[in-house]
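Scroll down for the structure; my scribbles are underneath it.
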Amino acid sequence: MNVSMGSASTPSLDRRTLLFGRDDTPGIVSVAADRRGRARVWRRVDGQVVHEEDQFPNWFFLARRELLEGLPVVDLPISILDGRPRIEPGTIGLVKLRGTNPFQYLVLTDRLEEVEHAAAEAAARLLVDGVITQPISDLIYVRPVVEQYLTITGRTYYKDMTYADVRRLQFDLETTGLGAEYGRIFMVSIKDSAGFEIVIDTQSMTEADLLRELARIIRERDPDVIENHNIFDFDIKFVIKRAQVLDVPLPLGRDGSTFSEMRDNVKIGANNESFTRYSLTGREILDTLHATRRFSAIQRDLRSNGLKDAARYFGVAAEDREYVPGADIWKVFQEDPERVRRYCFDDVEEVDSLSHLLLAPAFALASIVPKAYERIATAGTGQGLIEPLLVRAYVAGGYSLPVARGTGSYSGGRTAVFTTGVVHNVVKADIASLYPSIMLAERIGPETDEMGAFLELLAELTNLRLQHKSDARRQDLPAEERAYHDAMQSAMKVLINSFYGSLGANFALFCDKTAAERVTTRGREILQLLLDELERRNVVLIEADTDGVLFSLPDRPDGRPWTYEEELEVIEDITRAMPTGIHVEHDGRYRAMYSYLEKNYALLDYDEAAKAGFRPRDPIRLVGSSFKSAKTEELIQRFLADSIKLILHDDFPGVRDHYRATCSALRNREVPVEQLCVSMPLTKSPEKYAAAKRKEEPYEVYLAAGNSKWKAGSRIYYYQAKGAKKLISAGASDYDPEHYINRLRATCKQRLERAVSGEDFETLFSESDGLFDTPVGAIRPLRETHRNAMDVEEKDEGAGAEES
DNA sequence: AACGGACGGGG
DNA sequence: GTGTACGTCCGTT
């Protein structure tokens with residue numbers, strides 16, 4: 001409905017220009033711009049970096065012309081926006097824009113400081129005089145200068161470049177301590193994507209020379225991107241501090257300037273976190289810690305964001321990777337410097353690997369969105385990405401811009417649990433890109449989008465993503481090219497999924513709560529259609545969430561198991577019953593499932609799925625936080641998983657046998673003590689603990705073992721012996737079996753409460769056969785249906801609405 | 001034991 | 001621009 005609302009004379013941008021901007025200049029690796037219409041551009045051409053000076057009009061949107069009163073304003077024709085606009089030096093140009101949105105004017109000038117200041121002053125005066133009532137944010141809309149340059153020229157970073165074309169340099173410090181006030185740097189490892197590798201340390205030079213050498217190497221290697229894990233909050237801070245103390249200059253920018261510093265925010269999940277951003281002219285600085293945390297905010301199974309943990313999680317930690325505990329590094333360096341050198345270099349290697357995995361999509365986004373790469377890597381999706389894209393379209397099209405006016409809340413996605421307990425023949429079905437599909441199919445976009453750019457962009461992204469996705473799978477393409485297509489498709493996925501969010505976010509320029517609610521309402525209807533279609537096929541619904549459903553196919557009279565192909569047929573059949581543009585996808589199949597709580601369940605794979613060459617994984621998967629607790633002993637955690645597995649195999653005698661075997665193994669001291677230990681850190685030093693005068697279990701256990709000294713932060717392992725807790729010792733067998741049997745029963749009773757009745761639990765978890773017990777072979781698992789299991793998530797203003 | 005508060009990362 | 005995640009561990013009572 002919003003497409004082509006303009007008059008016939010209105011220039012409309014083709015979709016490619018909307019998405020990539022109108023200027024295809026390749027190889028831009030960094031941009032510096034100022035408020036006087038000057039830009040410096042660094043481009044990588046045939047592997048060499050060239051520096052170019054450029055001119056552009058700074059610009060901002062303005063709601064009221066009178067804010068420029070008294071300034072020598074020149075009216076410019078709107079046709080100036082048809083190509084790349086150029087103005088005479090010193091001009092304060094004003095373009096009256098098309099359409100009816102509040103920001104009616106575009107100011108083009110190379111005197112931005114002066115003009116913006118004057119307009120802000122005028123706004124403040126008019127506000128005081130009561131002539132206007134709007135806040136200044138409704139009167140003047142200014143983007144950062146680099147974005148101004150990229151937007152008005154239609155350029156972006158990294159056109160025609162792949163990740164491998166950019167020169168990335170990683171460096172990592174080893175220091176005598178964490179605080180830059182007292183610590184010193186004694187080692188630096190450096191690596192770059194052109195094959196440079198070095199580790200330098202204070203065995204062969206002074207700390208000052210180490211810093212000079214670091215600076216010399218960075219200048220000589222001339223990287224486009226500098227990266228490390230926690231580079232902003234540690235390495236750069238430390239380097240600057242030590243360089244200051246030792247009077248070493250750090251002219252690391254491409255123009256010989258040093259680091260600049262500003263407060264900025266990094267979007268992590270739904271939150272904004274403030275940090276000190278350091279910048280270098282002509283280079284981009286990227287923090288893999290930010291990237292890791294952004295990842296783990298979505299993918300919750302990455303527990304720790306530390307470099308080593310993240311590298312192991314992603315499978316990029318080398319077999320022979322050297323580890324040195326942080327607190328020991330300086331000490332180990334005295335005894336075995338070679339070991340610390342290996343450790344330090346392994347760090348930069350892992351950073352490089354994480355960068356490949358986590359930053360390639362941000363890199364790909366930088367060839368689309370008019371924004372510096374280092375900013376894209378920390379930006380949110382709505383205001384951070386979608387808005388710059390739409391604003392570029394509005395500037396190029398000469399359209400007036402809306403202001404953000406979102407308020408209130410609306411209903412979001414629907415979640416429901418229909419069945420708890422044990423179910424078989426489980427299939428997971430997802431509606432592909434539910435919200436984007438609805439927006440495209442029903443032509444739902446912001447009412448204020450008079451240019452119709454919103455849906456055009458969404459449509460183009462959806463088309464192109466499919467192409468990139470299929471190209472990423474083409475075996476006839478070289479790996480690097482496939483990686484490029486994969487990064488592109490995931491960048492586009494990020495954008496596609498952000499459109500709905502930017503409708504629902506109050507502070508987004510193109511916020512439209514009514515439109516957002518139409519999307520979610522339609523989403524609930526479509527999910528209901530899917531549920532209805534499934535029920536019509538006599539499946540048992542288990543759990544539904546916004547755009548996906550877990551269900552159980554009925555056993556067939558002849559007992560034949562369902563095949564994947566048959567399940568696909570069911571799903572394709574359902575897709576045919578869905579509205580146009582809505583596709584249901586097969587997203588997983590499981591032999592059995594224990595549905596415990598909403599989003600907490602155990603899945604048992606089909607045997608063949610485990611063999612089929614996918615990632616090797618346990619045949620049973622426990623999903624959801626309620627199954628995991630760090631404080632559970634290994635034996636109990638394993639016993640629970642095994643019991644669920646047996647229950648899902650319908651093997652109740654097996655559960656009882658397993659229980660009895662475990663009890664007797666405990667009583668006969670056959671369980672290795674390691675499996676019964678809990679681990680606790682001694683965070684306080686001996687002095688601090690003594691001073692605290694308050695007994696804590698781990699310390700008392702450690703002291704009772706005859707120790708009096710420990711290093712703060714060291715971790716101990718201990719178990720319950722008869723009468724007292726004791727430190728682990730190899731082969732110890734004086735643990736208290738009754739204690740562990742009780743713990744095991746208590747844990748299982750709770751976690752299995754929806755799988756077996758209380759009565760059956762007592763039968764299963766009993767060491768002797770009771771006279772009146774149900775025969776164990778006759779025990780059936782629980783399965784409970786929950787009617788009215790309807791639940792609609794409220795989408796509040798701002799938070800939460802961002803995610804789709 | 002129960003609760004409020006700090007932290008997550010880097011050496 | 002503002003409110004605010006979430007799970008774990010610490011410190012206090």
Side-chain angles (χ1 to χ4, degrees), chain A residues 135-138 171-189 201 228-239 241-242 265-276 287-294 296-298 300-310 323-333 340 343-344 347 350-351 354 380 382-383 404 406-407 409 505-509 511 624-626 628-632 678-684 688-689 691-699 712-713 715 796-803:
Chain A
I136 191 142
S137 58
D138 284 5
F171 80 90
D172 185 55
L173 309 180
E174 302 305 324
T175 66
T176 58
L178 284 172
E181 315 75 45
Y182 55 86
R184 286 167 291 123
I185 301 167
F186 68 86
M187 185 180 286
V188 183
S189 61
D201 59 66
N228 195 18
H229 210 70
N230 205 16
I231 190 168
F232 290 121
D233 204 33
F234 184 72
D235 300 85
I236 293 178
K237 200 166 279 182
F238 217 113
V239 163
K241 184 77 191 172
R242 294 306 295 162
N265 291 298
V266 52
K267 189 93 181 160
I268 295 174
N271 306 310
N272 257 331
E273 193 170 297
S274 141
F275 74 105
T276 303
D287 195 330
T288 52
L289 174 61
H290 286 164
T292 304
R293 295 185 57 203
R294 283 157 68 95
S296 71
I298 306 161
R300 291 303 171 98
D301 61 334
L302 172 54
R303 285 278 141 190
S304 157
N305 300 305
L307 175 63
K308 284 81 179 166
D309 288 311
Y323 292 100
V324 183
D328 301 346
I329 290 171
W330 171 234
K331 194 187 73 197
V332 172
F333 180 65
V340 180
Y343 166 80
C344 187
D347 273 8
E350 288 186 351
V351 167
L354 287 188
Q383 285 166 285
T407 51
S409 63
N506 284 340
F507 288 95
L509 278 188
C511 169
S625 53
S626 63
K628 292 170 196 143
S629 166
K631 277 179 86 174
T632 310
V678 291
S679 123
M680 295 290 279
L682 301 177
T683 47
K684 281 181 270 209
K688 248 185 129 181
Y689 179 64
K693 292 197 172 115
R694 203 177 146 266
K695 293 192 173 182
E696 289 178 53
E697 188 176 271
Y699 297 90
R715 195 164 263 281
D796 225 26
E797 43 219 284
E802 190 77 15
E803 253 59 51

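So you know, we letter chains A, B, ... as the sequences are listed, proteins then strands, and number each from 1.
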Seminar exercise, completed: Protein-proximity profile, nucleotides 6-11 of chain B, B/S/- by nucleotide at the 4.0 Å heavy-atom cutoff, equals ---BBB
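Of the possible polar contacts, none joining the R242(A) side chain to the A180(A) backbone as a donor-acceptor pair under 3.5 Å is found. Proximity of a side-chain donor or acceptor of T176(A) to a complementary backbone N or O of R184(A) within less than 3.5 Å is detected. No donor-acceptor distance shorter than 3.5 angstrom exists from the side chain of D287(A) to the backbone of H229(A), with no hydrogens or angles considered. A donor-acceptor distance shorter than 3.5 angstrom exists from the side chain of S189(A) to the backbone of C344(A), with no hydrogens or angles considered.
Remark: K241(A) engages no residue in a salt bridge (Lys or Arg N to Asp or Glu O under 4.0 Å) (not counting sequence neighbours).
If you take NZ of K267(A) and P of dT2(C), they are 14 Å apart, rounded to a whole angstrom. Counting to the nearest Å, the P atom of dT2(C) and the CG atom of N265(A) are 12 Å from each other.
Here, dT2(C) and dG9(B) have their P atoms 29 Å apart, quoted to the whole Å. Only the C1' atoms considered, dT4(C) is 16 Å distant from dC7(B), to the nearest whole Å.
Interatomic distance, R293(A) CZ to N271(A) CG, rounded to the nearest 0.5 Å: 9.5 Å.
Figure legend. dG9(B) is base-paired to no nucleotide; pairs are counted as Watson-Crick or G-U wobble with both atom distances under 3.5 Å.
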